[in-house]
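Everything on this sheet refers to the single structure shown next.
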Amino acid sequence: MSGERPAFEQADEAVQRYLTVVVSGELFALDISQIREVIHCPRMTRVPLSPRVVPAVINLRGAVVAVIDLAVRLGRAPTRVGRRSCIVVIEVQMDDRLTPIGLLVDAVEEALEASDDMALPRPAFGSDFRQDFQACVLRLGSRFVPVLDLGTVAEAGQLESLVRGHAQSLVGARIGEA
Amino acid sequence: MDLDTRHVLVGEARELLANMETALLEIERDGYDAERINAVFRAAHTIKGSSGLFGLVLIERFCQRMENVLDDVRAGKLRPEPPLFALVLECGDYIARLVDAIEGEREHDDPDPVARERLLAELARWSGAAPAAARSPQGSRAETPAAKPRPQPHHLSMRCTPDLLADGVCPSAYLEHLATMGELTYVCTVTDALPSRQGYMPGQSYFGFEVGVCTALAAEELRTAFELAAEKLTVRIFAAGTPQEELLAHLEGFVAERDELHDAFYAAGLLSPPREPVAPEGLPQKRATEVAPAGSAANAKPAEERRAAEQRMVKVDAGRLDQLINLVGELVIASEGARVSAQNKATPRDAMVEAVARVTQLVEHIRDRALTMRMTPIGDIFQRFPRVVRDVSRELDKQIELEISGADSELDKSMVEKLADPLLHIVRNAIDHGIEPVSERVQCGKPAAGRVALHAHHESGCIVVEVRDDGRGLDPARLRKKAIERGVVSETDVLSREDCYQLIFAPGFSTAEAVTSLSGRGVGMDVVKRNLEALRGEIEIESEVGRGTTFRLRLPLTLAIIEGFHVEVGDTTFVIPLDMVEECVDLRERDGRQHVLNLRGKPLPFVRLRDVFKLDAPPSARESLVVVSAGHHRVGVVVDRLLGNSQAVIKPLGQLFRGLHGVSSSTILGDGSVALILDVPAIVGAAVRAAAQTGAHAGRSVEGASP
C-alpha cells in the first residue's frame, strides 16, 4: 500500500468513488454510493416559516422533495442560486422509509476514484463546521478535501426539530395551538 | 421473526379475533348453536397454533386455556351460559392486546398481568365446573367425548431453510410447538445438509429433524399447524398407518441416522413387528398423502391461505381493472396521435388543441378510475359497532337495538381508518346522552329498547354517514343555558337553533348532568369535530325534542385530490381548499388597518398571509380578501391576487415540515412548480385568537361605526 497511483489495478474494495462539490466556494466530497442523482437547480418553492437550512421544496418528477442548503447546514451564508447551482439528490430515512431529499450546492465538480489510503481520518480539530458532519478527509494531490457524512448532515429528526424550532420562534404559539 | 411474518401473524390474529367476536355476539343475540361455537373455537385454536410456531408463549398458553373451556362446551360438558360468553369476549380483548404487543415487537411483555391473572382464574373456574372427565391434554378436536380419537404415533420429517436463524427463529421453537400438540417420542437431528468446511457459514442453520409425536390430532391438523412457517420449514408427515414400505423408503434416504431412526420407528409403533397392530381399532387406515381433512380443518386451510394473502393486498374489482386498462389503451393511442400532429408542422392549431383536449380528458378519466381502486366499503368500520353498542348499553343498563344500513358505500381506504374514532364517539354519546333510561322511555310511551341507526350513502361526490337515535333529542334552550354557564357564549349572543346544536362541539362543553365513565366530561365532541375537519368533513345535527337526534357527517370520498383555489402573495402561489372558501371581497385600503373588518354589518377578523408567513415580498397596491371558514368561525385571509380554481393533487410535505404552521401539504402546478396548500383550520384559529386579544375593542368600534 505505497501510493495513490495504480488505482484501477487495485482490488475493488480498496477504491471508493466520490463526487466533489462546491459549497460557498469550498470543495467538499460526497460518497457517490449514497447519491441517487444530480439535477440542475429547478425552480424552488420557498416554504414559509421554514429556516434557511431547509428553505424550499422542488418537484422531482412529480414528488415533492425538500431541499437542504448545504452551505447553511455547514454554518456558511445561504447559497445564492446561480447558473451552475445543482441539487444532489440523496435518500434518507424519513417517515419510516427511504425518501429522497435534495442538497443544494454551488456547483458539482467531478466524480473521482480514491483508494483507501487517500482517505485519512478526520482531524480532531481545525474544521470550522460540526465535526460529526465530516466522515473523513481525502488527500487529493496537495489538497485536503473533507468528505461529508451524509447520514448526519441530512438526518431527518435533526432537521425536523430545526424547522419546528424556527417556526415556533417566528410565530410563537399563535398558530401552533390551532 | 421477520417483519413480513409478524405482519401476517398480527393481521391473521386480528381477523380471527374479529370473527370470534362476531360469533360471540351472535350467540348472545340469537342463542347458542354448534356452528358458532365452532367458529369461536377455531379462532382460539388457530391463534394458539400460529403463536406457538414463533415461541410466543404468552398468547399460546392463554389460548390453550381458553380452548380447553370452549372444547368442554363443544363436547357438551359445559352448559353454554351467557356469562361464559361474556368471559370469552373479555378474553378476546386481552388477546387483542397481546397481538398489539406483538405488532410493537414487545411480544414477551405481558400488557396487563392483572387481567391475565383474573381471566385465567375465571377460565379455570369454568373448566373446573365441567365434569372431571378425562380431557385430552391439548385441545382435541372431538365433537363428542365418545368420538375423541386416541393419540396415534406420527412421524414428521422437518427441514428448515438455512437462513432461519437470521430471522430470529430458533429451530427448536418448532419442536416446542410440536410438543404442545402431543408427546414427542423421539427427536433425531439430521446433519446431512451440513456443508463441508468450505461452504460452512456460521449463522446459518443446517439441521433437520426427524421427530416422532404421539397425538390425537389428524395429520392434516399437524400440517395446518405449521402452515404459517411454510416459507422456512418443509414438513413431511407420515401419519399413523402409513404403509411400512413408505417409511422404509424414507429411511433409505439417510446414512448416518438410519439405524437410529429405524429403532425409533419400532419403539413408537410406526414400524411394527407382526405382533403389533399397525393402527388401533376403530380408525380406518389413511395414507399421509390422502388424509381427508377432518372436521373444521377442512375449511381452515384454504381460508387461512387466503387471509394471509389479503393482508398485503388491496381487493380490486376485476371490472374496474379492465376499465382502467381500456382507458390506458385509449390514452396510448391518443397520445400517439397528439405526438404525430405536434411533429407535423402543417397541423392546424385547432387540431392540436383538440388532440391535447382528448389526452387531457383521458387522463382525467384514468385518474378517477385509479382513485376508485383505493375505495373500501365503510362496512369495515361499521362491523365494530355491534360490540361497542353491546358493551356500552350493558354498562349504562340500557337496551339498545343497533341498525346498520348502507355498509357497502365506499370511500378511500385511508379515510375509513380515520373515520372510525370520531364515529365511535358519536355513537357512544348517542347511547349515553341521547337514549333515555328504560323507565323514562316507558313513561314517554316509547319502546323500552332504544334504537341507534348507522347509515351511509353517497351524495354528489361525498359520503354521508348518519348516526340516528330515537332518544330525548337536543333542547336548544338547555344547550344555550349551559353554554352561558360555561362561558362559551355570552347572554347577549343571538343563536339560531343550529348554532345551539353546534355548541356541543365547543371545547369543555357537556350537557350530561351526571358524569359517567363513558362520556360527559366534555372531552370528545370537540375532538370529533376537529378530526372530521382534518378529513375535510363537516357535521350537521338535526334534532327534535323527545323524538331523537341525527348526526350527519359529510366527507369527501378521497383525500388525494381536492378542488383548490389558487391565490398569490408576492410571486408565491398558495392553494386554499375550495370547500373552505366562502367568498372573495376586494379590500379597500382603509379596511386594512385593524384586525377586524366590517363585512355587511358583521365583524370579520382577518389576517394577512404576508404577515402570517413573514413573507418579505413588497406589499402590493391592491389586495383581495378570501373569506374562509372552519368550524363555525369565519375569517378573512388577505392575499395579493386571486388566480381562480383548479384541481390539485395533494402531495404530503413529509416529516421535515411536520412542525410547520399554516401549511398542510403541497401540490404541483401546471407549470411544474410546487405550491403549498394552506392549513385553513390552523390559520382560522390563529386569526380568531389574534382578534380576541388585540382587536376586541377594535371589533366593537367597527361594529359601532357601521350604521
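A, B, ... follow the sequence lines: proteins, then strands. Residue 1 opens every chain.
Under a 3.5 Å cut-off, the side chain of B/Lys614 and the backbone N or O of A/Leu49 do not form any donor-acceptor pair.
Only the side chain of A/Ile101 comes within contact range of chain B, judged by heavy atoms closer than 4.5 Å. With a 4.5 angstrom heavy-atom cutoff, B/Asp671 touches chain A only via side-chain atoms. Residue B/Val674 touches chain A through both its backbone and its side chain, counting heavy-atom pairs closer than 4.5 Å. B/Leu656 touches chain A through backbone and side chain together, each having a heavy atom under 4.5 Å away.
Heavy atoms only, all atoms of each residue included: B/Arg658 and A/Glu160 are closest at NH1-OE2, 3.7 Å. When all heavy atoms of B/Gly659 and A/Ala167 are compared, the pair lying nearest together is O-CB, 3.9 Å. Between A/Ala66 and B/Phe657, the shortest heavy-atom distance links the atoms CB-CE1, 3.7 Å.
Once rounded to the nearest 0.5 Å, the distance linking CG of B/Leu660 with NE2 of A/His166 reads 9.5 Å. Atom CG in A/Asn59 sits 8.0 Å away from atom NZ in B/Lys651 (nearest 0.5 Å). A distance of 7.5 Å separates CG in B/Leu669 from OG1 in A/Thr45, rounded to the nearest 0.5 Å.
Among A/Val64, A/Thr99, A/Val65, the residue making the largest number of heavy-atom pairs under 4.5 Å with chain B is A/Val64.
Using a 4.5 Å cut-off on side-chain heavy atoms (C-beta onward), A/Val57 and B/Ser666 make no contact. For the pair A/Pro48 and B/Leu676, the minimum side-chain heavy-atom distance is below 4.5 Å. Put simply, the side chain of A/Val47 does not reach to within 4.5 Å of the side chain of B/Val663, judged on heavy atoms.
Within a 6.0 Å sphere centred on CZ of A/Arg36, other residues, nucleotides and ligands contribute more than 12 heavy atoms. Other residues, nucleotides and ligands place no more than 12 heavy atoms under 6.0 Å from the CZ atom of A/Arg52.
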